[in-house]
Amino acid sequence: MATPAERIELTTDGVAVTTRTGTVRAGAAILTVSTAVLAGDALRLPSGAAPWREAAAALPLGRNEKVFLEIRRDSAFAPDSHAYGDLHDPSSASSIRPNGWPVIEAFLGGDGARILQEEGPAAGFAYVSAQLVALFGSEVASAIRPLAATSWSRMAYIGGAYSCALPGESRARARLAQPFEDRLFFAGEATHPFDFTTAHGAHDSGVRAADEALAALRGRVHAGRRDGLAAGTRAAR
C-alpha cells in the first residue's frame, strides 16, 4: 500500500515493475490486485494485455463492508448470537458475535455498504447501532462502542469487495487466470473457477500462479542451457 506499482513492463529476461520509489526487476511477477485495479488505469500493463483488462472488467467487485463494535457489558448479548436487521430492508446489517468474543461484527452489503462508502465510518457505526437498538432495546446503546470499520470501496488500490461475474461472463475467470507471455501471472479469488469470493479460493489461486511462474522460470533456464550447449557444439566444430 505504501509503495504501489505504477507500471509493469516486459524485459528480455523478465519484468520491470515501476513504483514511486524505484524499479524492481525480476524473472516474473504475480499480480494479485483487484479486478477494479486491473480494469482501471492506475496500473499500466504491457502492450497486448488488453484481453486481461477486459476479463477483469467482466468481473467487477461487489459492495460489502464490515463494522466492528465492542461489547462493553457482556450480558447484553448471548455468546455466538447471530441477528439480522430488517429483512425487508436491503441495507440491513447482519450482526455476529464470533466465537463468543465481546465483539459485534456487522456485515453490510449492497445499500448498507454504500453508507460506509459515501458517508464514512461514523455513519456506519450510527447505522449499525440504531439497528441493534431496534432489535434488542434501547439499553444496548450504552453497552456497545465503535471499534473499527472497513473501507474497501473507498480504497483506490482495492475498489470494492469480492468479484461477481456479469451475466454470461463466468468464463472471464479462466481468461483472467491465463499467464501473459510467461512473464505475468494472475492470482486472486476472481481467477478461481469455482471458489471465487472466498479466502481459500484466493489462497489456492496464489499457489497455482506460483507454480506456473516457477515452471516458466525453470523452462527458461533449461532453454538457456540448451542454447548454450548448442553454441558450444557449433564452436567446437
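Only heavy atoms go into these numbers, but all of them, side chains included; no hydrogens, no water, no symmetry mates. Treat the numbers as computed from the prediction; the structure is a model and nothing was measured.
- When all heavy atoms of S129 and L69 are compared, the closest pair comes out as OG-CD2, 3.6 Å.
- Ion pair R208/D211 not flagged as a salt bridge, since none of the NZ, NE, NH1 or NH2 atoms sits closer than 4.0 Å to an Asp/Glu carboxylate oxygen.
- Side-chain contact between L31 and L38 is present, with heavy atoms from C-beta onward closer than 4.5 Å.
- Connection of L45 to I158 is not established within any shared hydrophobic cluster, with ILVMFWY side chains joined at heavy-atom distances below 4.5 Å, either directly or through further cluster members.
- Pairing each heavy atom of D13 with each of R220, the nearest pair is O-NH1, 3.2 Å.
- Under the 4.5 Å side-chain heavy-atom criterion for grouping Ile, Leu, Val, Met, Phe, Trp and Tyr, L135 is connected to I115 within one hydrophobic cluster.
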Practice task
Evaluate side chain to side chain contact (heavy atoms under 4.5 Å, CB included) for L108 paired with V67, printing each intermediate quantity in order.
Solution key: CA-CA 8 Å; L108 295 165; V67 170; 3.9 Å; yes

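- Transitive grouping of hydrophobic side chains (ILVMFWY, heavy atoms separated by less than 4.5 Å) keeps Y127 and F107 in distinct clusters.
- Looking at heavy atoms from C-beta onward, P179 lies in side-chain contact with F185 at the 4.5 angstrom threshold.
- Checking side-chain atoms of T32 against main-chain N and O of A187 turns up no donor-acceptor pair under 3.5 Å.
- In this structure, V140 is a member of the same hydrophobic cluster as F125, with clusters built from ILVMFWY side-chain heavy atoms closer than 4.5 Å.
- Closest approach of S205 to G188, counting heavy atoms only: OG-N, 2.7 Å.
- Summarising the geometry of T19 relative to A5, their closest heavy-atom pair is CG2-CA, 4.2 Å, with the distance given to 0.1 Å.
- Contact detail for I71 and W101: the closest heavy-atom pair is CD1-O, 4.4 Å.
- One distance of note links CG of L184 with CD1 of I30; it measures 10.5 Å at 0.5 Å rounding.
- Annotation: the span from S92 atom OG to D111 atom CG amounts to 11.0 Å, rounded to 0.5 Å.
- The NE2 atom of H203 sits 10.5 Å away from the NE2 atom of H192 when rounded to the nearest 0.5 Å.
- L132 contributes atom CG, which lies 4.5 Å from atom CD1 of I104 (distance to the nearest 0.5 angstrom).
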Exercise for the section: Please step through side chain to side chain contact (heavy atoms under 4.5 Å, CB included) for the pair I144 and R72, ending with a clear verdict. Expected result: CA-CA 6 Å; I144 55 178; R72 304 175 66 184; over 6 Å; no

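- Salt bridge annotation for R175-E169: present, with a cationic side-chain nitrogen under 4.0 angstrom from a carboxylate oxygen.
- Across all non-hydrogen atoms, the minimal contact from L10 to R183 is CD2-CB, 3.5 Å.
- Proximity of a side-chain donor or acceptor of R173 to a complementary backbone N or O of A190 within less than 3.5 Å is detected.
- One distance of note links OG1 of T35 with OH of Y162; it measures 13.0 Å at 0.5 Å rounding.
- Side-chain N or O atoms of E65 include one that pairs as donor or acceptor with a backbone N or O of W152 at under 3.5 Å.
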Exercise for the section: Evaluate the criterion side chain to side chain contact (heavy atoms under 4.5 Å, CB included) for residue pair S34 and L61; output intermediate values, then yes/no. Expected result: CA-CA 8 Å; S34 71; L61 299 185; 3.8 Å; yes

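- Within the 4.5 Å cutoff, no side-chain heavy atoms of S153 are placed close to those of L116.
- Sorted by first then second residue, the side-chain hydrogen bond (donor to acceptor under 3.5 Å, both in side chains) pairs that include residues 40-63, not counting sequence neighbours, are R63-Q117.
- Taking CD of E6 as the start and CG of L43 as the end, the distance is 9.5 Å to the nearest 0.5 Å.
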Handout entry: Check against side-chain hydrogen bond (donor to acceptor under 3.5 Å, both in side chains), E189 and S163
Key = CA-CA 7 Å; E189 55 82 19; S163 66; 3.0 Å; yes

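- No single ILVMFWY cluster, assembled from side-chain heavy atoms under 4.5 Å apart, contains both F180 and L217.
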